[in-house]
Structure formats: structure tokens, C-alpha cells
There are 2 protein chains.
Amino acid sequence: MSLQHALLTSIVEKPCSGYELARRFDKSIGYFWHATHQQIYRELARMEEQGWVSSVEVEGGRAGKRKFKVLAAGKKELRRWASEQSEPFRLRDEMMVKLRADAAVGPLGLAEEFERRLRLHEQELQTYREIELRDFSDPDMPRETQIHYLILKAGIAFEAGRVQWTKEALKMLRQEAST
Amino acid sequence: MSLQHALLTSIVEKPCSGYELARRFDKSIGYFWHATHQQIYRELARMEEQGWVSSVEVEGGRAGKRKFKVLAAGKKELRRWASEQSEPFRLRDEMMVKLRADAAVGPLGLAEEFERRLRLHEQELQTYREIELRDFSDPDMPRETQIHYLILKAGIAFEAGRVQWTKEALKMLRQEAST
DNA sequence: CCACCCATGTAACTAGTTACATGATTTC
DNA sequence: GAAATCATGTAACTAGTTACATGGGTGG
């Protein structure tokens with residue numbers, strides 16, 4: 001299971017509460033590993049049991065707020081996991097199934113949904129490009145920043161590919177709608 | 001849930017047994033919607049209960065072999081689902097987490113794994129290109145074939161992007177290994 | 001004082017994975 | 001006659017989602 005490792009990574013980067021973790025996750029690792037807050041709290045509890053992380057009540061914060069940090073055993077586990085082989089992730093895209101369904105049972109009017117998606121992907125791509133300009137303009141980057149940039153570039157390439165492909169799909173879908 | 005719809009689509013394309021479905025799935029829809037045979041049998045049973053598909057024992061085949069076909073209610077459901085909005089799928093890529101972990105806790109020796117992946121992606125890309133040559137060379141394609149080609153092109157673009165990005169990642173990882 | 005955000009969780013369900021089990025038929 | 005493949009499934013577990021629940025603090 002890798003959610004635990006994704007959480008470990010995020011806490012190593014910056015110790016925090018479960019709530020903060022859930023919000024930060026959305027904005028960083030969440031781009032390529034999504035989790036809900038319920039899952040996060042569950043895994044935090046498990047990892048604390050396993051001795052990978054520990055938490056202390058935050059004095060002066062809201063009641064019950066706990067700050068988590070990664071213990072030595074957690075770091076060791078993170079290193080162990082990172083050096084393991086892993087399978088490339090699988091795509092899981094409903095739109096492809098819908099396209100095949102359209103091919104099999106006749107036109108299903110998918111163009112509208114593709115247009116909606118095109119706008120979404122273009123917006124996402126723009127967001128990424130803005131981050132690129134804001135955070136990675138300086139050509140002289142330390143190792144850590146280089147890696148973060150590399151990850152962003154994967155996201156940019158992926159979204160750019162999606163945008164381009166979606167346009168192509170729309171061209172096809174519109175073409176036949178007019179005949 | 002979309003596994004059911006993916007299965008409906010596949011059975012609409014060609015009625016078959018659960019076993020055949022599982023194998024065919026791997027080679028077609030499975031590229032963007034994976035499922036194990038256990039899941040497939042479970043969903044087939046559910047869909048039969050719901051009246052979306054029906055099965056008949058195959059005479060002359062192996063004992064117990066059943067052939068499934070999609071009923072009118074199943075086709076109706078497929079159409080209903082296809083016209084629904086759906087969320088773009090999320091990436092879920094362990095390698096990105098590992099890269100971030102590497103940035104946070106120091107070099108983890110990920111280059112080897114990236115090289116392995118590069119070979120895998122290049123191989124996959126070549127497989128796709130061979131299918132492209134074999135099945136989609138004729139420029140005069142009927143609608144159904146155009147859609148299948150469109151789906152393949154998404155796969156090609158995606159794998160090509162992965163290959164390129166993996167090379168870039170390797171360049172970075174090797175660069176620092178030599179210093 | 002009301003709405004919103006912070007901060008925690010539980011419970012129930014659905015989907016996906018892994019391990020096990022069984023027996024028939026074809027191929028060497 | 002042994003091994004591989006066809007063909008079906010059950011059981012147990014793990015991961016992910018959805019719905020619900022609670023209460024404190026802050027800003028208008």
C-alpha cells in the first residue's frame with residue numbers, strides 16, 4: 001500500500017496535523033495520489049500504531065489538534081519502499097469506455113462532454129504553467145527544486161497531451177455530427 | 001461504478017463467456033480499465049440479477065461454460081451512463097511519490113528503476129505502433145474504426161510522453177550521480 | 001448569533017486484490 | 001498420463017468512497 005508512503009513523504013517534508021496534511025495533500029502529492037481526509041486519518045492512526053509516526057497535542061491550538069512527525073522507523077520504511085520495484089500505474093479512463101460504447105451501439109452524443117473536459121484540461125494546464133513560471137524560472141536550482149520541477153513537467157506534459165488529444169477527438173465527433 | 005459499464009460495452013461488442021471476457025478485456029478495454037477475473041465473475045453475476053445481461057449454457061462446450069449477452073435493459077443503462085457527466089480520471093503514480101521522497105530524504109538510487117521503466121514504456125509504445133500499422137493503415141475508415149484508432153492514439157500519445165519524460169528524469173538522476 | 005472554516009473522527013458501503021479451490025479438455 | 005489451458009467460482013482481506021457526527025474558533 002502506498003498511501004502510507006505518500007503520507008510519510010508529505011510529513012517528512014513538513015510535520016503537521018491530519019487536517020493540514022489533508023489540505024496540503026490536495027495541492028501537492030494529491031495531483032498524482034489522491035486521498036480523502038477519512039482515509040488520511042485512518043492511515044495516520046495505523047502508522048502511529050506501527051511506530052512509523054508519532055503525534056503530540058498542539059498546545060495553544062484548537063482542542064484535539066495533533067502534530068505528526070515521522071520516526072526513524074518510518075524513514076527506514078520509506079527508504080525500503082522507495083528502493084523496491086513497482087508496477088507502472090494503469091490508466092483508468094471512463095471516457096475511453098464511453099468512446100468504445102459509442103462505437104458499439106451508435107452515436108451517444110459525447111461531444112458535449114468532451115468540450116467540457118477540454119475546458120477543464122486547458123484550465124489545469126494553465127494552472128501548471130503558472131506554477132512553472134512562479135516557482136521554477138530561476139535556472140540555477142538545487143536538487144530538491146529540480147525534482148519538484150521534474151514532477152511538475154510530468155503533469156504539464158500529461159495535461160498538454162490530454163488537451164491535444166481531446167481536440168482531435170472533438171474534431172472527429174463534430175465531423176460526423178454535421179454529415 | 002463503471003466496471004459494469006466497461007463489461008457491458010465489451011459484451012455488446014461480442015457476446016462471450018466470463019473467461020473469454022476476462023482475456024479479451026486484457027487486450028482491449030483492459031488498457032484503460034483493468035479488472036481481474038474474480039471481479040469480472042462477480043459483476044457478471046450482479047448484472048444478471050439486475051437483468052442487464054443474460055447467459056445460456058453453451059451446448060457442446062466445456063461443462064458449465066456460459067455465454068453472456070446484453071439485454072435491452074443493459075443497453076439502456078449503457079446509454080444512460082454514457083450521457084452522464086464524469087470526472088476526469090486521476091493520476092496515481094508511485095514514481096512521483098518516490099521522487100518527492102528522494103527530494104525530501106536524500107538520494108534513494110531511483111535511476112535503476114527509471115531505466116527499467118523506460119524499457120517497459122518503450123516496449124509498450126512499440127506494441128501500440130505495431131497495432132497502428134496493422135489495423136489502421138487504410139485512410140478510409142468507417143466510424144467504428146475511427147473511434148478505435150482515436151483510442152489507440154491516446155495510448156500512443158500517453159506512452160510516448162512517458163518515454164520522453166522518463167528520459168528527462170534519467171538525465172537528471174544520472175547527472176547528479178556523477179558529481 | 002450565524003455562517004464558515006478548523007479539526008477530529010465513526011460507520012457503512014463499494015470496489016479491488018490475493019489466495020484458494022475445483023474439475024474438464026486439449027496437447028505433447 | 002502429465003502439463004497446460006479452459007472455465008468456473010468462494011473467501012478473506014485491503015483500499016477507497018460516501019454519509020454522518022461533533023465541537024471549537026473566527027469574522028461579519
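Throughout, protein chains are lettered first and strands after them, A, B, ... in sequence-line order, and every chain is numbered starting at 1.
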### Message
Heavy-atom nearest nucleotide on DNA chain D for B/Gly18 versus A/Ser2: which residue maps closer to 5'?
### Response
B/Gly18
### Summary
Out of C/dT8, D/dT17, C/dT17, minimum distance to the side chain of A/His37 belongs to C/dT8
### Message
Between A/Met141 and A/Ile151, is there shared hydrophobic-cluster membership here, with clusters defined by ILVMFWY side-chain heavy atoms closer than 4.5 Å?
### Response
yes
### Message
Looking at C/dC5, I'd like to know if its phosphate oxygens (OP1 or OP2) sit under 4.0 Å from a side-chain N or O belonging to A/Arg23.
### Response
no
### Query
What does B/Arg90 touch in the nucleic acid at a heavy-atom separation under 4.0 angstrom: a base, only the sugar-phosphate, or nothing?
nothing
### Message
Please report whether the ring centroid of A/Phe89 lies less than 6.0 Å from that of A/Phe32.
### Response
no
## Note on the structure
Considering only heavy side-chain atoms of A/Thr36, the closest of D/dG9, C/dT17, D/dT18 is D/dT18
### Query
Out of D/dT8, D/dT5, C/dG16, which has the shortest distance to the side chain of B/Arg66?
D/dT8
### Query
Which of the following nucleotides, D/dA15, D/dT18, C/dT8, is nearest to the side chain of A/Gln38?
D/dT18
### Query
Which one, D/dA7, D/dT18, C/dA15, comes nearest to the side chain of B/Arg46?
C/dA15
### Task
Would you confirm whether A/Ser83, through its side chain, and A/Arg80, through its main-chain N or O, come within 3.5 Å as a donor-acceptor pair?
yes
### Task
May I have the distance from B/Glu20 (atom CD) to D/dC6 (atom P), rounded to whole angstrom?
10 Å
### Task
Without swapping roles, check the side chain of B/Arg162 against the backbone of B/His121 for a donor-acceptor pair under 3.5 Å.
no
### Message
Is it the case that the side chain of B/Arg117 and the backbone of A/Glu87 share a donor-acceptor pair, with hydrogens and angles ignored and the cut-off at 3.5 Å?
### Response
yes
### Query
What is the distance from NE2 of B/His5 to C1' of C/dA15, rounded to the nearest Å?
14 Å
### Message
Can you tell me if B/Tyr41 touches the phosphate of D/dT8, counting only side-chain N or O atoms and a distance under 4.0 Å to OP1 or OP2?
### Response
yes
### Query
Over how many whole Å does the gap from A/Leu44 atom CG to C/dA7 atom P extend?
14 Å
### Spacing between A/Leu3 atom CG and C/dG16 atom C1', to the nearest angstrom
15 Å
### Task
Take atom CZ of B/Arg92 and atom P of C/dG16, then tell me their distance rounded to the nearest Å.
11 Å
### Task
Would you indicate, yes or no, if C/dA15 has its OP1 or OP2 atom less than 4.0 angstrom from a side-chain nitrogen or oxygen of B/Gln39?
no
### Query
Mapping A/Lys67 and A/Arg42 to their closest nucleotides on DNA chain C, which lands nearer the 5' end?
A/Lys67
### Task
Can you tell me the distance, in whole Å, between the CD atom of B/Glu57 and the P atom of D/dA7?
12 Å
#### Entry: Shortest side-chain distance from A/Tyr19, nucleotide among D/dA7, D/dG16, C/dA7
C/dA7
#### Entry: Test item: A/Glu94 side-chain N/O and B/Ser2 main-chain N/O as donor-acceptor pair under 3.5 Å
no
### Query
Among C/dT26, D/dA15, C/dA7, which is the nearest nucleotide to the side chain of A/Lys65?
C/dA7
### Task
Between B/Gly64 and A/Trp33, just flag the one whose closest nucleotide in DNA chain D comes earlier from the 5' side.
B/Gly64
### Query
To the nearest angstrom, how far is B/Ile40 atom CD1 from D/dA7 atom C1'?
13 Å
### Query
Rounded to the nearest Å, what distance is computed from the CE atom of residue A/Met47 to the P atom of nucleotide D/dT14?
16 Å
